[in-house]
Each structure stands twice: as C-alpha cells, then as structure tokens.
Amino acid sequence: MTSLSEFVGLLAAGKRKSSLAYWLAIVAKTVTRHWGEAVVVAIAVLVWIPRFSGPIDLRYDGGVYYLLGTSLAQGHGYRISSEPGSPLALQYPPLLPAFVALHQLVLGTTNSAIVAPWLRISYAAMFIGFAVASLVLARRHLTLGFAIIAVALCLLHFETIFLSDLLFAELPFALVSVVFALVVTANPVRRPLLREAISFMLASVGFLLRTAGAALLAAWVLEALIRRRWLLSVVRGTMAAVPILGWQTYVAHVQASDEYAHPSYNYQRASYQYYNVSYTDNMRLIDPFHPELGPLTAGAFARRLVTNLPSVLAALGEGISARERDLAGLLIRTQHKLFHRAVVPGGVMFVPVFLLTALVLAGVVMLGRGGSWLMVFIIGVSVMLVWITPWPAQFTRYLMPLGPFLSIPVVLALSKIESLGRKWRATAMPTRVVVAVVLVVTFTVEAYPSIKMFRFRASTEGVTIEPPGKAPSRFFAHDSYWQAWERSVNWLGQQGSPKAIVASSAPHWLYLRTGLRAVLPPMDPDPASAKRLLETVPVSYVIIDQLEFLDISRRYALPAIENDPAGWHLVKNFDHTKVYGRW
C-alpha cells in the first residue's frame with residue numbers, strides 16, 4: 001500500500017505531465033502538513049453548506065443593526081429610521097452597523113434583498129476564520145488531537161450555529177476575542193510596542209462591536225497587574241479608558257439633547273424601550289420585560305445576584321453542551337422510545353450540566369496555574385458582566401463568544417485526567433474509557449439541539465412567507481407563528497396607508513419588509529394608560545402575535561385594545577395572529 005507521503009511524491013513527479021496532478025500534490029502536501037486546520041475548516045464548511053445561500057437573518061436585534069448601518073451609509077447619522085422621528089440610537093456601539101454600511105456602500109444599495117445575502121457570505125467567512133483562530137489558540141494549551149476536539153465542541157454548539165446565522169455582534173466579537181488572546185499572549189520579546197498597539201486596537205474593536213467587549217479591555221489591564229508590570233498596567237488602563245469614555249461621551253450627549261428630552265411619542269425613551277435607551281437605563285429596572293415591578297434597588301440587585309448565580313453557573317456547562325431544557329427533552333424522548341414512559345424525570349439533567357461546569361472551572365484553575373491569566377480574566381470578567389444582567393434566559397447566548405474559552409478548559413481538564421491515568425498502568429485504560437465516554441456523551445447531547453434546528457429549518461415552517469414576487473428564505477427558530485406574523489405584515493404592506501404606524505413585537509423587521517413606521521407596544525399593565533400611550537404615537541394598527549420569544553403584545557397591547565372596543569376593531573386574523581385597526 002502506498003503511503004500518503006509516497007503518493008504526494010508520485011503526484012509531484014508527474015507535475016510536468018499533468019497540471020492537475022501538480023495541484024493535487026500541492027493540496028495533499030498542504031493537508032498533510034496542516035491536517036488539524038483542514039479538519040476544523042471542514043467542520044465549519046459542513047455547518048454552513050445547508051445555509052450558505054439566501055439573506056442573513058435580520059430579525060430581532062439584526063433589524064436594528066441593519067437600520068443603523070443604512071442610516072450611516074446614507075449620511076443621516078446614527079439613527080433608527082423605523083421609529084417616528086428617527087431617534088438617535090445609543091444602545092449598541094457602532095462598529096457592526098458600520099460593517100453593514102460598508103457592504104451597502106460597496107454594493108451601491110441599501111436594499112436588504114441585495115445586501116443581506118452578501119452579509120451572509122461575510123459571516124460564513126468569519127465563521128471559518130473563527131474556527132482556524134480557535135484552533136491556534138487551543139494548540140497553545142492542548143495537543144493537536146485534544147485541540148481539535150475543543151474547537152469542534154465550540155463550532156457544533158447550537159448557539160454558535162444559530163447566532164452566526166443572525167446579523168448579531170456575537171460572531172464577529174468571538175473572532176476578535178480569540179485573535180486578541182492570540183496577540184496578547186504572543187512572544188513578549190519580539191516587537192512589544194507593535195503587539196501592545198494591535199492588542200489595544202483589537203480590544204477596542206471588541207468593545208465597539210459589543211458593550212460586553214469591555215471584558216477584553218479589563219482582562220488586558222488585569223493581565224499586566226497580575227504580572228506586576230505596574231507601568232504597563234497604568235498605560236493599558238489609560239488606553240482602555242479611551243473607547244469606553246468615547247462611547248459614554250456620545251451617550252451622554254444624546255441624553256442631554258433636546259431631541260431626547262422631547263421624544264416623538266410619550267414612551268419612546270421609557271426605560272423599558274430597550275432599543276431606544278442605554279443598557280444602563282434598561283438594567284435599572286428589576287425586570288425590563290416587566291417594568292411594572294419597578295426600579296432596581298440595592299436589595300433587588302442583591303436578590304438578582306443570588307437568583308442569577310445558579311443560572312450563570314449552569315450556563316458555563318450549557319455553553320459546551322446544550323441547555324438543560326433541551327437535555328431534559330432528549331432524555332424524556334429517549335425514554336418514551338425505549339420504555340414508552342418516563343422512568344427518570346428530565347430534571348435530573350442539571351447533574352451533567354453542573355458536572356461540565358465543574359470541568360470548566362477546573363480547567364480555568366489549571367490555566368491560571370499555568371500562567372494563562374489573560375484567558376482566566378476574559379472568562380471571569382465576562383461571566384461577571386453576564387451575572388449582573390436581568391436576563392437569565394439569555395445567559396447561554398451571552399456566553400456564546402466565550403465558546404473556545406470554555407471548551408479549552410474542559411478539554412484541558414479531561415486531558416489532565418487522561419495523563420494522570422497513564423501514570424499507573426492499571427488505571428490507564430479505565431481513565432481513557434471515562435474520558436472517551438464524557439466526550440461522546442457531550443458531543444451527543446450537543447448535537448441534539450443543533451440537528452433539531454437544521455431539521456426544523458428544512459421543514460415547511462422554516463420557510464418565510466414573502467409578498468408576491470419575492471423569493472422565500474429559510475431561517476432557524478422560524479415557525480408557524482412567524483409565518484402568521486409575516487402574513488399579517490404582508491397584508492399591512494399592501495393595504496395600510498404609507499403614513500400608518502404599526503405596533504409590533506418586531507418593529508424593525510416590519511419596517512424593513514414594508515417601509516411602514518413601527519414601534520414596540522407600551523409596556524404598561526394598566527389598559528387605560530396603555531391605550532393613551534398608543535394614541536400619543538399615534539398607532540394605526542396593532543399586531544397581536546403568538547411569537548414565543550416575546551409576549552409583550554399579548555400582555556400589554558391586547559388588554560388595552562379589548563378595553564376600548566369603540567376605538568379599535570379586528571381587521572384581519574391570520575392563524576390566531578390578529579391585526580387590530582383604529583376606527
């Protein structure tokens with residue numbers, strides 16, 4: 001049998017006779033030398049092949065980023081054009097919108113039907129770059145085989161796949177974070193000034209992509225402090241303050257403006273209007289999605305930390321496997337197939353999740369003992385920032401950019417267990433079996449929600465409902481409720497007046513689809529007060545959807561409408577998604 005090296009030699013020898021043989025030799029030689037990179041790139045490509053075509057998903061925050069990019073590209077400033085009055089935005093830092101604007105300027109159009117497919121291609125390229133950069137980072141702490149396992153755990157996670165499909169900041173921020181870690185921990189002797197300059201640039205880019213990017217700046221300073229490089233820590237601290245103070249200066253400028261003090265409608269700058277206010281204002285509420293609970297007090301903040309602690313610890317384990325509810329569903333489903341009943345309750349799945357959390361923490365301790373303090377601080381500061389937020393259901397999503405920083409400690413801990421087992425011949429094989437079982441089970445439970453996402457995307461419910469003449473798309477987390485919402489929006493786009501204003505749970509996506517101005521419903525539990533707030537906009541139509549990700553239209557807008565039958569009437573019903581109009 002011819003070995004791979006001999007095969008390469010034979011192909012190279014035949015390069016004079018055949019150009020194809022020559023290029024095959026080059027490819028084979030490259031793969032032989034960089035087979036680890038080839039494996040992770042192959043995984044990344046396989047994850048993208050089923051979803052490479054079509055537009056990037058502009059739902060949720062993606063619509064806001066796109067609108068802000070359009071505003072920048074058109075020279076209108078940093079404004080949300082879907083809102084009455086096109087208010088200045090101050091929640092999201094501007095780098096991802098600038099990335100969108102760059103695409104629009106290069107393509108010569110702001111039409112999302114043209115730009116969004118190119119954004120999808122850009123995100124696919126970023127995903128592949130993220131895979132390769134993660135492998136380089138993992139190789140600094142693990143052997144090649146274990147490094148590939150760590151990167152595979154990250155790439156195949158359902159949140160990594162899902163969030164790379166959306167115009168969100170998570171994927172570009174994850175890429176920047178890994179490259180930042182690589183640069184900071186590079187050879188400290190060679191070109192230190194250049195390394196510091198590039199590190200500062202990358203950390204600043206991370207912050208301007210995502211407010212949580214402050215973790216990179218903080219970790220950069222802390223890394224110098226723990227190494228007792230006092231002058232360097234002062235310099236880094238001074239530099240780190242520049243992007244943070246720059247953004248906060250802009251936020252303060254907007255908040256001090258007459259436009260902010262006199263919004264286009266009464267609740268446009270209410271603290272619960274999470275797209276129209278700063279994170280600080282939004283997080284001053286006990287629960288931004290239940291503003292009636294009131295402002296955050298010291299006691300309420302302490303309770304938040306206590307109640308969030310189990311969720312943030314679980315999110316560490318879920319960040320390299322799956323959410324506990326997905327694991328519980330898998331367990332129950334498997335039992336019904338095998339035994340036709342539930343023998344073990346799904347709630348026990350918190351045990352493997354917290355075991356994985358323990359492995360993460362053990363690996364982090366090993367990183368610290370090995371002197372990899374930057375990794376430790378990036379993880380620690382990021383987790384602290386997530387811990388103080390009021391959105392425990394989003395913790396796994398918020399930790400997605402930490403994918404490599406979580407999977408590397410887990411695999412490091414497992415590799416340490418395996419190496420300790422090899423010291424005693426009697427325990428070598430049992431230890432390897434245990435490590436192998438942990439990895440197989442982890443990959444299995446991780447694959448379950450990811451495969452489920454792809455299957456649902458390929459179903460009839462994964463297809464968007466578009467107006468006549470426009471090709472449909474396929475998205476993750478897209479179901480019959482979204483299809484009913486899209487039918488409602490299509491109807492409004494055809495029947496509604498161009499001056500109509502619509503209240504909806506997805507106002508920015510509605511505007512991109514129809515050109516109609518749109519707002520979130522007021523989150524006021526008093527129907528009479530909510531009715532008055534709708535009139536101040538003034539809202540012409542309200543969509544009462546059945547979307548699962550957010551229920552504010554059902555909780556707040558529906559009681560206001562039902563309490564005012566003389567002012568509102570049902571004009572259209574699409575599979576329980578109702579469109580109400582003013583008389």
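Numbers for residues simply follow the sequence, beginning at 1. Values below: every heavy atom of this structure, side chains too, minus hydrogens, waters and symmetry copies.
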Item to check | Minimum heavy-atom distance between L399 and A315, given as atom pair plus value | outcome: CD1-CB, 3.6 Å
Checklist entry - Taking atom OG of S480 and atom CD of Q483, what is their separation to the nearest 0.5 Å? => result 6.5 Å
Next on the checklist: Under a 3.5 Å threshold, yes or no: a donor from one side chain and an acceptor from the other, between S459 and E461?
Outcome noted: no
Checklist entry - Taking atom NZ of K416 as the centre, does the number of heavy atoms from other residues, nucleotides or ligands within less than 6.0 Å exceed 12? => result no
Item to check | Closest approach of S164 to R51 (non-hydrogen atoms, all atoms of both residues) | outcome: OG-NH2, 3.0 Å
Checklist entry - Given the rule in the salt bridge (charged side-chain N to carboxylate O under 4.0 Å, His left out) test, do R210 and D61 qualify, once you have shown the distances and angles that lead to the verdict? => result CA-CA 12 Å; R210 194 169 179 252; D61 299 358; over 6 Å; no
For residues 123-134, which side-chain donor-acceptor pairs fall under 3.5 Å, sequence neighbours excluded?
from	atom 1	to	atom 2	distance (Å)
Y123	OH	F168	O	2.6
S134	OG	F130	O	2.7

Checklist outcome for this item: In terms of heavy-atom contacts, A147 and R139 come closest through CB-CD, 3.9 Å
Checklist entry - Which value, rounded to the nearest 0.5 Å, describes the distance between L209 atom CG and E170 atom CD? => result 10.0 Å
Next on the checklist: Check R457 with D57, please: is the shortest side-chain N to carboxylate O separation under 4.0 Å?
Outcome noted: no
Next on the checklist: Between R140 and T185, is the side-chain hydrogen bond (donor to acceptor under 3.5 Å, both in side chains) condition met? List the steps.
Outcome noted: CA-CA 10 Å; R140 293 189 177 177; T185 56; 2.5 Å; yes
Checklist entry - Which pair of heavy atoms, one from F475 and one from S473, lies closest together, and at what distance? => result CZ-CB, 4.0 Å
Checklist outcome for this item: Taken to the nearest 0.5 Å, the spacing of F99 CZ from L119 CG works out to 6.5 Å
Would you list the atom pairs, donor with acceptor, under 3.5 Å between side chains in residues 352-380 and any protein atom, with sequence neighbours excluded?
from	atom 1	to	atom 2	distance (Å)
T357	OG1	L313	O	2.7
T357	OG1	G317	N	3.0
T357	OG1	V353	O	3.2

Checklist outcome for this item: Separation between CZ (F405) and CG (L316), nearest 0.5 Å, reads 14.0 Å
Checklist entry - Would Y92 and Y65 count as a close aromatic pair, with their ring centres under 6.0 Å? => result yes
Checklist entry - Does atom OH of Y60 have more than 12 heavy-atom neighbours, drawn from other residues, nucleotides or ligands, at distances under 6.0 Å? => result yes
Checklist entry - What class does the angle between the rings of Y398 and F395 fall in, given that below 30° is parallel, 30 to 60° is tilted and above 60° is perpendicular? => result tilted
Next on the checklist: For H103 and S122: C-alpha separation, side-chain torsions, deciding distance, then whether side-chain hydrogen bond (donor to acceptor under 3.5 Å, both in side chains) applies.
Outcome noted: CA-CA 9 Å; H103 281 72; S122 295; 2.7 Å; yes
Checklist outcome for this item: Between L135 and L144 the two heavy atoms that sit nearest each other are CD1-CD1, 4.5 Å
Item to check | Verdict with reasoning, Q104 to T70, per side-chain hydrogen bond (donor to acceptor under 3.5 Å, both in side chains) | outcome: CA-CA 7 Å; Q104 295 174 343; T70 301; 2.8 Å; yes
Validation: residues 432-444 side-chain donor-acceptor distances under 3.5 Å, sequence neighbours left out:
from	atom 1	to	atom 2	distance (Å)
R432	NE	E418	OE2	3.4
T442	OG1	V438	O	2.6
T444	OG1	V440	O	2.7

Next on the checklist: Cation-pi check for W118 against R120: NZ or CZ below 6.0 Å from the six-membered ring centre and within 45 degrees of the axis, yes or no?
Outcome noted: no
Next on the checklist: Testing the basics here: between V445 and S321, what is the closest heavy-atom pair and its distance to 0.1 Å?
Outcome noted: CG2-CB, 4.1 Å
Checklist entry - Passes side-chain hydrogen bond (donor to acceptor under 3.5 Å, both in side chains), E318 versus H157? Steps please. => result CA-CA 9 Å; E318 293 173 338; H157 194 271; over 6 Å; no
Checklist entry - How long is the gap from CZ on F158 to CD on E446, to the nearest 0.5 Å? => result 9.5 Å
